[in-house]
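Data first, discussion second: the structure below is written as structure tokens.
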2 protein chains.
Amino acid sequence: MKRAKKKIFADFIAQRGLKSTKQRDIILDSFLSSDRHLSIEELYLKLRAKHSNIGYATVYRTLKLFAEAGIAREMQFGDGQTRYEHVGEGEHHDHLVCTRCGNIEEFENETIEQLQSEIAASRGFLIERHRLELYGLCVNCRK
Amino acid sequence: MKRAKKKIFADFIAQRGLKSTKQRDIILDSFLSSDRHLSIEELYLKLRAKHSNIGYATVYRTLKLFAEAGIAREMQFGDGQTRYEHVGEGEHHDHLVCTRCGNIEEFENETIEQLQSEIAASRGFLIERHRLELYGLCVNCRK
DNA sequence: AATCCGATGAAAGTGATTTTCATTGGCATA
DNA sequence: TATGCCAATGAAAATCACTTTCATCGGATT
Ligand SMILES: [Mn+2]
Ligand SMILES: [Mn+2]
Ligand SMILES: [Zn+2]
Ligand SMILES: [Zn+2]
């Protein structure tokens with residue numbers, strides 16, 4: 001699926017008349033082989049270790065591109081940093097965020113999704129996207 | 001309930017050894033008679049119309065106090081501004097946010113809340129708070 | 001009224017982006 | 001392969017939304 005995402009991004013680049021560059025390749029590689037829920041700064045620092053020539057602005061702009069291309073999702077967990085996570089075609093999940101250690105777990109619940117649809121439908125509201133986050137203490141942080 | 005919240009804030013002020021001031025009274029009045037989900041800047045501008053002597057920093061600090069006192073809740077809907085909404089003792093609700101006109105509707109769903117608890121429990125996670133927001137088009141913006 | 005110390009507001013500081021701009025470099029074309 | 005165009009890059013500057021500082025003000029207690 002790393003291959004699949006590279007293909008999606010290459011197609012996106014081509015279809016938009018953008019250019020394939022060394023930096024974009026490197027950033028995409030690094031992003032795809034990273035933990036999920038990475039902040040721009042975290043990815044930037046990780047990249048600098050091997051490629052001191054890549055600028056923060058390029059990482060920032062490239063992650064935006066990934067989001068536009070549909071291979072990344074921008075997230076805010078309230079810690080003041082924008083995070084990006086991998087997303088696959090048609091995939092969706094929500095999060096449990098530990099307020100002590102910062103750990104982020106994922107979950108899916110079809111019943112909740114269904115109830116959301118019903119709530120929206122009952123008001124004539126058309127859902128484009130949603131966010132559901134449970135904040136608290138993870139099993140490790142409860143001691 | 002406007003009276004009730006003023007009482008709660010007055011008690012909070014007293015119990016913390018803080019001072020009752022003209023500014024706090026004015027800001028609380030304005031906040032309580034405002035639409036829900038107000039940003040600091042919106043409240044500040046609204047206040048300036050009548051009270052040009054109130055500073056932004058005071059509005060900012062006073063809204064934080066309201067949150068600490070339990071009569072306001074700080075929210076982020078992804079538009080880059082922190083918003084504050086009125087909250088009552090033990091009340092909770094989630095939101096439908098229109099991405100076109102910015103309108104915010106509220107809803108409560110006990111079944112969803114229950115499912116959240118079950119998800120957390122199954123992982124040993126202790127929920128402190130959560131946020132559930134449905135983004136999309138409100139009934140008016142769907143044309 | 002005097003005193004104490006929290007409250008206020010104008011201005012400065014912060015931190016995370018976001019934009020600018022001079023320079024670089026894909027890549028289509030000759 | 002050489003040329004030209006214009007997108008891409010990166011260092012630095014600018015923004016934005018707070019957040020803090022600090023000199024001064026003003027409730028509340030004595
Ligand atoms: Mn995730
Ligand atoms: Mn609300
Ligand atoms: Zn934890
Ligand atoms: Zn709308």
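Just so it is clear: chains get the letters A, B, ... in the order the sequence lines come, proteins before strands, and each one is counted from 1. In what follows, every heavy atom counts, from backbone to side chain, and hydrogens, waters and symmetry copies are set aside.
For the residue pair A/T99/B/E128, the side-chain donor-acceptor check at 3.5 Å is satisfied. When only modelled atom types and interatomic distance are considered, A/E42 and A/H37 share no side-chain donor-acceptor pair under 3.5 Å. A donor atom on one side chain and an acceptor atom on the other are not found under 3.5 Å apart for A/E108 and A/H93.
Look at A/R83 and A/E85 and you find no salt bridge, because none of the NZ, NE, NH1 or NH2 atoms lies under 4.0 Å from a carboxylate O.
Heavy-atom nearest nucleotides on DNA chain D were determined for A/I13 and for B/Q81, and the one closer to the 5' end corresponds to A/I13. Where A/S52 and A/L65 meet DNA chain D, the nucleotide closest to each residue was compared, and A/L65 sits on the side nearer the 5' end.
Grouping the Ile, Leu, Val, Met, Phe, Trp and Tyr side chains by contacts below 4.5 angstrom, directly or via other members, places A/L132 with B/F107.
With hydrogens and angles ignored, the 3.5 Å screen pairs a side-chain donor or acceptor of A/K46 with a backbone N or O of A/S30.
In this structure, the CG atom of A/L63 is 12 Å from the P atom of D/dT9, given to the nearest Å. Straight-line distance from the CD atom of B/E74 to the P atom of D/dA17: 15 Å, rounded to whole Å. What separates CD1 of A/I26 from P of D/dT9 is a distance of 10 Å, to the nearest Å.
By the 4.5 Å heavy-atom criterion applied to side chains, B/K6 and B/L32 are counted as neighbours.
Along DNA chain C, read 5' to 3', the first and last nucleotides having any atom under 4.0 Å from a heavy atom of chain A are C/dA16 to C/dC27.
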Which letters describe nucleotides 20-30 of chain D, given B = protein heavy atom under 4.0 Å from base, S = only from sugar-phosphate, - = neither? BB----BBS--
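Within a heavy-atom distance below 4.0 Å of DNA chain C, no residue of residues 29-49 of chain B is found.
Listed by first and then second residue, the ring pair (Phe, Tyr, Trp, His ring centres under 6.0 Å) pairs involving residues 12-31 of chain A are A/F31-A/F66, A/F31-A/H86 (not counting sequence neighbours). Counting only residues at least two apart or in different chains, ring pair (Phe, Tyr, Trp, His ring centres under 6.0 Å) contacts with residues 108-139 of chain B comprise B/H92-B/H130.
For B/E118, the CD atom sits in a packed shell: over 12 heavy atoms of surrounding residues, nucleotides or ligands are nearer than 6.0 Å.
The side chain to side chain contact (heavy atoms under 4.5 Å, CB included) test applied to B/S117 returns no partner, not counting sequence neighbours.
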